[in-house]
Amino acid sequence: MTDGPTSTARRESLATLLGGRRGALDASLPPVGFVAGWLAADSIAWGAAAALVVGLAIGSLRVARGGRPRAVLVSLGTVAVAALVALYTGRPEDFFLPQLLSNVASALAWAVSIVIRWPLLGVVVGLVLGQRTRWRADPDLLRAYSRASWVWVFGQYVLRVAVFGVLWAAGDVVALSAARIVLSWPLVLATLVVSGWVLYRCLPGDHPGLRHPRDPAGTVAHAEGDSEAGSGPEPKRE
């Protein structure tokens with residue numbers, strides 16, 4: 001039978017591999033705090049303070065539950081930068097300007113990575129699976145990751161740029177906050193599902209799956225940890 005470990009590996013979803021829901025949800029809460037503080041006191045300073053308090057509370061909770069302090073500090077730094085931008089310009093909508101610009105940069109980075117044949121989806125999944133860059137030796141995986149990466153370019157980053165850009169230009173702070181929530185984890189989940197579907201659709205029917213890249217000769221290059229993933233005994237090493 002050809003079913004079993006190979007079939008299971010091929011059906012492994014990107015959402016399972018990459019996760020990220022908690023981080024995406026956490027990132028959407030400080031902007032809500034900013035808008036709440038700004039509306040309550042009609043003050044950017046109060047909004048910035050509320051965003052920082054929310055960010056600090058979330059960070060403290062994550063650290064208490066065993067989260068990585070570095071990730072928490074990066075998250076707090078992002079909130080602080082957004083608050084400083086809004087305070088400097090005196091425009092509450094500018095709290096969302098760093099988010100808008102970061103999505104512009106992400107769209108460009110992902111598009112360039114596809115053009116130069118280093119699709120970032122492959123880079124990320126390869127790191128998660130411990131393959132480093134071995135997946136690039138597999139023409140089928142390289143092509144599939146490239147096509148699936150376009151979903152991230154247009155289905156996530158360009159979409160966010162379009163929505164955030166229109167709302168930012170209109171100065172609609174409340175709508176920006178709502179868009180930040182809707183375009184966080186719900187959009188990330190949709191992108192993972194669609195890009196995963198594209199990824200597996202582009203692989204040949206006999207391909208052993210993401211965990212088992214093949215070299216140009218067609219043999220499977222076993223990644224570290226294959227024995228734990230159910231790929232069979234690992235060949236002896238000298």
Side-chain angles (χ1 to χ4, degrees), residues 18-113 120 123-124 127 152-191:
L18 302 181
R21 176 174 60 180
R22 180 176 294 175
L25 286 173
D26 289 353
S28 67
L29 295 179
V32 174
F34 173 82
V35 173
W38 173 68
L39 288 175
D42 193 23
S43 167
I44 295 177
W46 276 92
L52 290 171
V53 168
V54 171
L56 184 60
I58 293 171
S60 301
L61 180 62
R62 294 305 174 213
V63 170
R65 292 185 175 181
R68 292 175 297 176
R70 180 181 298 180
V72 171
L73 289 175
V74 169
S75 178
L76 280 174
T78 302
V79 175
V81 168
L84 288 172
V85 170
L87 287 169
Y88 178 77
T89 63
R91 291 159 40 98
E93 62 267 29
D94 286 349
F95 181 87
F96 299 88
L97 185 57
Q99 177 76 7
L100 172 60
L101 296 178
S102 69
N103 278 278
V104 171
S106 295
L108 291 174
W110 278 69
V112 169
S113 76
L120 282 176
V123 173
V124 172
L127 289 173
W152 290 72
V153 174
F154 292 104
Q156 184 167 205
Y157 299 119
V158 170
L159 175 60
R160 284 176 177 165
V161 169
V163 174
F164 289 151
V166 169
L167 297 177
W168 175 79
D172 195 333
V173 180
V174 176
L176 277 166
S177 177
R180 180 70 181 271
I181 296 173
V182 174
L183 299 183
S184 60
W185 174 241
L187 180 60
V188 172
L189 177 59
T191 303

J.: Please confirm whether the backbone N or O of N103 pairs with a side-chain atom of S106, one donor and one acceptor, at under 3.5 Å?
T.: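 No.
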
J.: Less than 4.5 Å apart, side chain to side chain, heavy atoms only: is that true for V85 and P98?
T.: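 Touching, per the 4.5 Å side-chain cut-off.
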
J.: Backbone N or O of Q99 within a donor-acceptor pair of the S102 side chain at under 3.5 Å?
T.: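 Flag set: sc S102 to bb Q99 pair under 3.5 Å.
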
J.: To check you understand the geometry: which heavy-atom pair defines the closest contact between A51 and P30, and what is its length?
T.: CB-O, 3.4 Å

J.: Quick check: do V174 and L39 have side-chain heavy atoms less than 4.5 Å from each other?
T.: yes

J.: Taking the side chain as everything from C-beta on, heavy atoms only, tell me whether V182 gets closer than 4.5 Å to L187.
T.: no

J.: To the nearest 0.5 Å, what is the distance between OG1 on T89 and CG on L84?
T.: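 Atom-to-atom, T89:OG1 and L84:CG are 10.5 Å apart.
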
J.: Which value, rounded to the nearest 0.5 Å, describes the distance between L87 atom CG and F95 atom CZ?
T.: 10.0 Å

J.: Once rounded to the nearest 0.5 Å, what's the spacing between atom CG of L52 and atom CZ of F34?
T.: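 One gets 10.5 Å once the value is rounded to the nearest 0.5 Å.
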
J.: I want to check something: taking the side chain as every heavy atom from C-beta on, are L97 and L100 in contact at a cut-off of under 4.5 Å?
T.: yes

J.: Check whether any side-chain heavy atom of L167 sits under 4.5 Å from a side-chain heavy atom of F96, and report yes or no.
T.: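 When only atoms from C-beta onward are counted, F96 and L167 do not touch, as no gap falls below 4.5 Å.
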
J.: Classify the angle between the aromatic ring planes of W152 and Y157 as parallel (below 30°), tilted (30 to 60°) or perpendicular (above 60°).
T.: tilted

J.: When you compare the side chain of V32 with that of I181, does any pair of heavy atoms fall below 4.5 Å?
T.: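 In contact.
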
J.: Looking at S184 and S28, what are the two nearest heavy atoms and their distance?
T.: OG-CB, 4.0 Å

J.: Nearest 0.5 angstrom please: I44 CD1 to W38 CH2, how far?
T.: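 Output value for this atom pair is 8.5 Å.
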
J.: Kindly say whether V173 contributes a backbone atom to a donor-acceptor pair with the side chain of S177 at under 3.5 angstrom?
T.: no

J.: So do W168 and R91 actually touch side chain to side chain, heavy atoms under 4.5 Å?
T.: yes

J.: With rounding to the nearest 0.5 Å, note down the distance linking CG in D94 to OH in Y88.
T.: 11.5 Å

J.: Considering non-hydrogen atoms only, spot the tightest contact between T191 and G155 and give its length.
T.: OG1-O, 4.0 Å

